[in-house]
Structure formats: C-alpha cells, structure tokens
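Heads up, the thing below is written out as structure tokens.
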Amino acid sequence: MAATTAQPMGSLPSGLGICTTAPDIFYIPELVFGGLVWILVASTHVAPPNPLGWVMFVSVFCFVMTFLWMIIFAAGGHKNSSHWAAADFAYHGLAALFFLSAGVDLAIITIGVKDLNLDLKIYRTYISAVVFAFVATLLYFIHAILSAIRWKYF
C-alpha cells in the first residue's frame, strides 16, 4: 500500500504541510498576486486618491495578513483547533470580498484613465493591476470555499 501525505479534511496542517494541502496551497499565489497589485498601483501616480487608497489598503492589508497567517499555520500555532478553521474561512472570505471591491474600483478608475488620454504606460499598468486584483480575488475565494469545507469536517 502506498504512503500518502494528504491530511484528512478535519485537521489543520503545519510546517511544510501547508505547501501540500488543498486550501493552504493558495498562500503563495495569494501573496504573489496581491503583492503585484500593491506594486503596480504604488508604481503609478495616484490620480484619484480615494479609490486608489482603498486598493492600496486592501493589497497591503491582505499581503501582510496572509503572510502572518501563513507563518502561524507553518509554525503550528493553530494547535489543530476548530476555531482556527473558522477563522481561516472568515479571513479568506473577507479578503475575497475586499479584493473584489478593490478590483471593481480599480477597473472603474482604469476606464476613467483611458478617457483622459494619459500616458499609455500608466493605462497598461492599471490594466495589469485590475487583472491581478481579480486573480487574487479568485484565489482568495477558492481558498475560502475550501476552508469552509475543511471547517465543516471539524
């Protein structure tokens, strides 16, 4: 019989197990795409400050919190508690909602930038940021769904 490294859905991984389990494998892509949104928006002139301020808040907040969340899980700080499974679902659901709202705001701003006939480089940077924001939204949403399934089996 072959050995398996898969953990049951009713337990939380720790250590390198976060790199092999279904919901937790999304930590690194969430960090990458969320960080790309942060970098792309920060690299341009912030023309409409309020909506882009929200986008920056969401990308920085989710980047820092996902990194801390990943460290807590890797260190085993959750102690395989069902409360951590619920918190994992709640955080990733909230992050998905935040990134969705930030992506929509950024898309509206990008349409406005196109109409202003500004620099093509800024327009392309905003388009890239919109795409990465929606990819991050999708990753956080999938992570939230898989975390909810895991929480159900606790």
Side-chain angles (χ1 to χ4, degrees), residues 7 9 11-114 118-119 121-151 154:
Q7 290 188 318
M9 281 302 283
S11 67
L12 297 172
S14 60
L16 289 178
I18 65 169
C19 296
T20 60
T21 56
D24 303 309
I25 202 165
F26 291 106
Y27 281 128
I28 300 298
E30 289 166 356
L31 286 172
V32 168
F33 287 103
L36 283 171
V37 173
W38 175 13
I39 290 167
L40 289 170
V41 172
S43 70
T44 61
H45 176 69
V46 180
N50 285 340
L52 284 180
W54 173 247
V55 174
M56 286 298 293
F57 168 76
V58 168
S59 59
V60 171
F61 172 77
C62 288
F63 185 87
V64 170
M65 287 302 296
T66 300
F67 183 74
L68 291 174
W69 207 253
M70 185 178 72
I71 296 299
I72 289 170
F73 269 63
H78 52 70
K79 307 239 189 282
N80 206 24
S81 169
S82 65
H83 298 294
W84 278 95
D88 188 42
F89 163 65
Y91 166 68
H92 285 92
L94 181 68
L97 182 67
F98 275 8
F99 257 111
L100 179 63
S101 68
V104 168
D105 283 347
L106 194 55
I108 291 169
I109 290 168
T110 303
I111 292 169
V113 166
K114 180 183 179 200
L118 292 180
D119 187 15
K121 181 181 176 187
I122 293 173
Y123 179 64
R124 289 180 179 164
T125 303
Y126 280 159
I127 288 174
S128 300
V130 169
V131 169
F132 292 142
F134 285 118
V135 169
T137 301
L138 179 65
L139 290 169
Y140 278 108
F141 181 73
I142 292 170
H143 196 145
I145 295 299
L146 294 175
S147 294
I149 293 169
R150 178 171 56 195
W151 179 37
F154 247 93

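Residues take their numbers from the sequence shown, with the count starting at 1.
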Open item on the list: I want to check something: taking the side chain as every heavy atom from C-beta on, are L52 and D105 in contact at a cut-off of under 4.5 Å?
Closed with: no
Open item on the list: Measuring from atom CD1 of I111 to atom OH of Y126, what distance do you get when rounded to the nearest 0.5 angstrom?
Closed with: 13.5 Å
Open item on the list: Which residues pass the side-chain contact (heavy atoms from CB on, under 4.5 Å) test with F26, not counting sequence neighbours?
Closed with: E30, L139, I142, H143, L146
Task: Nearest-0.5 Å distance, CZ of residue F132 to OG1 of residue T137 - done: 13.0 Å
- [ ] Determine the minimum heavy-atom distance between G93 and A144, stating which atoms define it.
- [x] N-CB, 3.6 Å
Task: Pairwise distance CH2(W54) to CG(L106) - rounded to 0.5 angstrom - done: 13.5 Å
- [ ] With the side chain counted from C-beta on, respond yes when F134 and L100 share a heavy-atom pair under 4.5 Å apart, and no when they do not.
- [x] yes
- [ ] Using a 4.5 Å cut-off on heavy atoms from C-beta on, say whether the side chain of V37 contacts that of F33.
- [x] no
TODO: Side-chain contact test, heavy atoms from C-beta onward, threshold under 4.5 Å: evaluate it for Y27 versus F73 and give yes or no.
DONE: yes
Task: Any side-chain heavy-atom pair of R150 and D88 under 4.5 Å - done: yes
Open item on the list: Measuring only between side-chain heavy atoms, which start at C-beta, is F141 closer than 4.5 Å to F99?
Closed with: no
Task: Residue pair W84 / W69, side-chain heavy-atom distance below 4.5 Å - done: yes
- [ ] To the nearest 0.5 angstrom, please state how far the CZ atom of F98 sits from the CZ atom of F61.
- [x] 6.0 Å
Open item on the list: Do T66 and Y140 pair up side chain to side chain, a donor and an acceptor below 3.5 Å, judged on atom types alone?
Closed with: yes
Task: Nearest-0.5 Å distance that lies between atom CD1 in I39 and atom OG in S128 - done: 12.5 Å
TODO: Specify the closest pair of heavy atoms between G34 and A136, including all atoms of both residues, with the distance to one decimal.
DONE: N-CB, 4.3 Å
Task: Heavy-atom side-chain proximity of T125 to S43 below 4.5 angstrom - done: yes
TODO: Could you pull out the closest heavy-atom pair between G103 and A133, with the gap in Å?
DONE: CA-CB, 3.9 Å
